[in-house]
Amino acid sequence: MSASLSTSIHVQQLGDNRLTTQLAAMQQTLLDIKGSYQLIGGSNVLYFVNQTANSYDLTGTIGSGQTLNFYVTATAQNMSTFLGVLVPYLYVDTSTNFYSNGQMLTDVVGTTNRPVTTGVYSNPSATVTQQQKSWQIQLTTNGSAPSRTFYIKLYVIGLDNATLTFGSM
Amino acid sequence: MKSRLTRLPDNRIPTTIASLQQQIRDLKTAQSAGSQAVQLNQVQSTSAYDIQLTVTAGTQSIALITYTPPSTLGYSGLPYLGIANIVTDSAGHGAGTVSDVGFTGYGNTYMSIERYLPTPTQQTWQLYVQPLPSPPSWIQFKFVFFAVGQGTFSAVQTH
């Protein structure tokens, strides 16, 4: 900008309204751009791993033949429409005993009678804004399983920093 | 002759330039929050399937799926993994509905996909196949990713 305006003689020699017309056109172009969506989608777009400072976020005991439901809602700090995915880590018996889906399947078909099965769904009962995304986590044990203590650490991988709220349903 | 430029009210041009600068600043802010305009790309191979898992009765099979974006910025190119197709040697085929975190019965097996926390340069999942009585001897999977940007992926049987 300073280069083009550096000589007053040059500016003075512009035709009537030339500079103001160009500035007005630039102004309108920027307004148009602001008013339309800026398409982004390159692989340089960063994502964030959102979590609380807690070692685990949900804990409790699930009894024989019981089903427990929890909700997790992520609220984006900046995005008007949040794009993100919930990655819950489940621990059973102790807060460090990671319970993988592989272990879950082994227990489901095994004879140990101690399966804790999990499901994650979009939260059907949540009233959320576009700035939010909400999920339902379901824990289930079979009828002959003993009580298990569980711990869940929540991670939400998304395109914005987000705050997490969660609790029982 | 005086040009109209010199006859403009005082501060007209500086005011207009200041307005332009403000709009550019606003635009930069808006871009970081332009989420409704995030484009997802479909990333998949040209192969009929990406991995053929060998299934042995009584033994769980595991595949490790790794997605790598081209960017080296770290934590970029967020992908979603889906199963485009499943084919077994005994149970026909169809569009995959293997659930994420939960499990799905399919072709005398239980299947489940587990997503893990990313490293700066990669995203990983494990696909578990637990055989039930009379399982197929193999299962082919074709994957499809919906990702921010492009990327490459691999799938290997680890167990």
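Every chain is numbered from 1 and lettered A, B, ... according to where its sequence line falls, protein lines coming before strand lines.
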- [ ] Apply side-chain contact (heavy atoms from CB on, under 4.5 Å) to the pair B/Leu40 and A/Leu83, showing each step before the final yes or no.
- [x] CA-CA 11 Å; B/Leu40 296 180; A/Leu83 184 65; 4.1 Å; yes

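Remark: of the listed residues A/Tyr151, A/Phe98, A/Tyr155, A/Tyr151 is the sole one forming a ring-ring contact (aromatic ring centres under 6.0 Å, His included) with A/Tyr56.
Contacts of B/Leu117 with chain A are made by both backbone and side-chain atoms, with heavy-atom separations under 4.5 Å. The contact between A/Tyr89 and chain B is made entirely by side chain atoms (from C-beta outward), counting heavy-atom distances below 4.5 Å. In this structure, chain B has heavy atoms under 4.5 Å from both the backbone and the side chain of A/Tyr47. If you measure heavy-atom distances from B/Tyr116 to chain A, the contacts under 4.5 Å come from both the backbone and the side chain.
Per-residue counts of heavy-atom pairs under 4.5 Å with chain A were compared for B/Gly151, B/Pro69, B/Pro118, B/Pro70; the largest is that of B/Pro118.
Within the model, atoms OH of B/Tyr49 and CD1 of B/Ile86 stand 15.0 Å from one another, a figure rounded to the nearest 0.5 Å.
For A/Phe70, the ring-ring contact (aromatic ring centres under 6.0 Å, His included) partners are A/Phe150, not counting sequence neighbours. Residues satisfying the side chain to side chain contact (heavy atoms under 4.5 Å, CB included) criterion with B/Leu64, sequence neighbours excluded, are B/Thr66, B/Thr124, B/Gln126, B/Val156, B/Thr158.
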